[in-house]
Amino acid sequence: MLPHVFTMPDQPQAARKTLEERNQMDDLQRLRHSCAHVMATAILRIWPDAQFAYGPPIDHEVYGFYYDLDMRHRITPDDFPAIEEEMRKVVKENQAFERMVVSRQEALEMARVGRLGALVPRPEPSRFKLDLLDAIPEGEEISIFKNGDFWDLCAGPHVARTGNCKAFKVMSVASAFYKGDANNPQLQRLYGTCFKNKAALDEHLERVEQAKQRDHRKLGKELELFKIDEQVGQGLVLWLPNGAIVRNELQKFISEQLEKQGYSQVYTPHIGKLDLYRTSGHFPYYEESQFPPIAEREVIERLSDGNCSCADLHNALRSGEESGFLLKPMNCPHHIRIFDSKPHSYRDLPVRLAEFGTVYRWEQSGELGGMTRVRCFTQDDAHLFVTPEQLDREIQGCLELVKIVLGTLRMDDYRVRVSLRDPASDKYVGDPANWERAENALRDAARSLGKPFTEEPGEAAFYGPKIDFVVKDVIGREWQLGTVQVDYNLPERFNLSYIGPDNEKHRPVMIHRAPFGSMERFVGVLIEHFAGHFPVWLAPEQVRILTISEKFDDYAESIFARLRERGVRVKMDLASDKVGAKIRLAQLAKVPYMLVLGAKEEEQQAVSVRHRHSGDLGMQPIDEFVLRITREIAERALDNAG
RNA sequence: GCCAACUUAGCUCAGUGGUAGAGCAGCCGAUUUGUAAUCGGCCGGUCGUCGGUUCAAAUCCGACAGUUGGCUCCA
């Protein structure tokens, strides 16, 4: 479950737009596309052997376009100034973008003599352009765009002159497989962006810089929320005390909601027998994304005595000849065995089994990062066993939960994706009528969220349709958080049943749902959502007491005790610093409330309250503050000041 | 997994072939302070690891590990 989603710029094939779509390309895209040509021109002047592939404008938070290329020189960020310098010259030359329609023959000839994506004919053919030409359907118009000496196979459209690309920046260099296929060679991908004017560019760069300040990896370190330790392992999150508080509060909150919705919470072990996952189909089908199986000591010893190799052991486990265990990649098999531990009447249904269940997946090393892509994570998982008639209502219930929790955190910047089956394919299990019903139920549920959603036929799993919640991180990457999936497959595989009113056995339908995905990813996204300024109920440190001088240590102790007794997470700063310094530290630690204590306060049994956003709130009786903060915590209120 | 860049004190970073530096944090002392940095001292690193080149390596080369940006993958 929990597919991680990564959406990047349109891949070439998908990018083949119709003429109409291209005409609708907005001004900014047109400008950026033109800037990509300016960049290519500049690169060729510096490195004449560059072979260009694709160079589209993209819809991305940070980047505005890229151009994929291949050449001997490896571009590094040190090269950016020189590239930009050369680009400025091209802009200054104010070359006209000229469109020229050619026949396929003519285009092929240009590519053969290396004239496309080039300043002059070259000994080497324009190999990517040749390939690109192949992809253009017969009968479609083929156009060449020229600016100065640079000729490129390009559908356009472009701005009038290179002089329009006034405000640009080369942003980043990375690599990309040609045509997005891992079997193809890797090209250098140079990202850049371009705006109408310098002010707009500067504003954009400033925004990108601001966004980086909220990166959960940076804040996670600064606020001591979590760490990933080299000695523990890649992709294995250590929740530090502060992060653990945030997670705990969230889990408490979610648990409360689960109770209200009639869920039963369960606990299950982190491993299970291989046979369990054979039944579920997870092993060895998804083998490459699981940690390798665990063999029993007795088996290892017996086989080693017979000179058995690692490969033999592996094969014996794989084939089932020997038994072993698997770190669980999903919680459903365990929950299914709980459901199946006794017979069920239709009157018992729905059975809703919930667990903050920890799962392990072998993600590729290059994909790991922060808390958003890890190898061990805890899902806010649950499995609902329902009759077909109950499906609609239960799906609705799942979305209710999402609405409540995301609403409380005011996280409304997500998109909803409904994944449906591909009508043309026959890979799907389960009765088509049931699918129809489930898809309608999911669609209705999505509609009830009151947010725009996309329907994506062909994206459903083979076992059932689903609805996903997708959010963006600070650098524009999309991550899937929650998911609600209907499953017709596992009840079959485990031969689940309930006794219906007709006294016959019936097959239940399962719903997998993890409304926030994993605690790791959710908290990672949450850190960025709040920029580390957690609302009081989530804040690891809710109040910090700052004394004016050591004379007030005793008074501080009494306030401290008072707050702690009421369950408030409070700390004291009794150092001999000035208040200004103490405030600075508390602000940097993003503590929501600071209580400044001096002579005035002690005299009147009061506290001077400072809020991290609103500043000095003045002096108030301690009782009043206790009331204020405990209410704020109980209500799970957000900072008014944001 | 692939391509590239990066890895120096707990943190942020300087140091490009000649015996390791700063600020912050920590500790000690002085100061007793009113809403975003009081002053001074001390402690702290076999420069990611291993190997190579060199009279000499944080610095050059290689392998490995980790991080970052992409690509690929993601039940």
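Every chain is numbered from 1, with letters handed out A, B, ... down the list of sequences.
Here the closest heavy-atom approach between residue Leu496(A) and residue Pro508(A) is recorded as O-CD, 3.4 Å.
Using a 4.0 Å heavy-atom criterion, one finds that Val579(A) contacts the sugar-phosphate atoms exclusively. Heavy atoms of Lys600(A) sit under 4.0 angstrom from at least one base atom. Looking at heavy-atom distances under 4.0 Å, Gln234(A) makes contact with sugar-phosphate atoms alone, never a base. Residue contacts shown for Gly598(A) include a base, since a base heavy atom lies under 4.0 Å away. Looking at heavy-atom distances under 4.0 Å, Gly370(A) makes contact with sugar-phosphate atoms alone, never a base. Within the nucleic acid shown, Gln587(A) comes within 4.0 Å of at least one base atom, counting heavy atoms only.
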Do nucleotides 2-7 of chain B as a string where each nucleotide becomes B, S or -: B if the base has a protein heavy atom under 4.0 Å, S if just the sugar-phosphate does, - if no protein is that close. BBSS--
The contact string for nucleotides 39-47 of chain B, one letter per nucleotide 5' to 3', using protein heavy atoms under 4.0 Å with B, S and - for base, sugar-phosphate only and none, comes out as ---------
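Evaluated for a side-chain contact (heavy atoms from CB on, under 4.5 Å) with Leu219(A), the options Lys590(A), His533(A), Glu528(A), Glu224(A) yield exactly one hit, Lys590(A).
You'll find the side chain of Glu632(A) reaches within 4.5 Å of the side chain of Arg628(A), heavy atoms only.
With hydrogens and angles ignored, a donor-acceptor pair closer than 3.5 Å exists between the side chain of Glu601(A) and the base of G34(B). Contact annotation: side chain of Arg373(A) to base of C74(B), donor-acceptor pair present below 3.5 Å.
For Gln213(A), the CD atom sits in a packed shell: over 12 heavy atoms of surrounding residues, nucleotides or ligands are nearer than 6.0 Å.
Listed by residue number, the members of residues 208-216 of chain A with any heavy atom below 4.0 angstrom from RNA chain B form an empty set.
Under the Watson-Crick or G-U wobble criterion, with both distances below 3.5 Å, C64(B) is paired with G48(B). The pairing partner recorded for G29(B) is C39(B), the criterion being a Watson-Crick or G-U wobble arrangement whose two distances lie under 3.5 angstrom.
The ring of Tyr463(A) has its center no closer than 6.0 angstrom to the ring center of Tyr488(A).
Ionic pairing of Asp215(A) and Lys212(A) is not present here: no N-O contact between side-chain nitrogen and carboxylate oxygen is shorter than 4.0 angstrom.
As rounded to the nearest Å, C47(B) and C42(B) have C1' atoms that lie 23 Å from one another.
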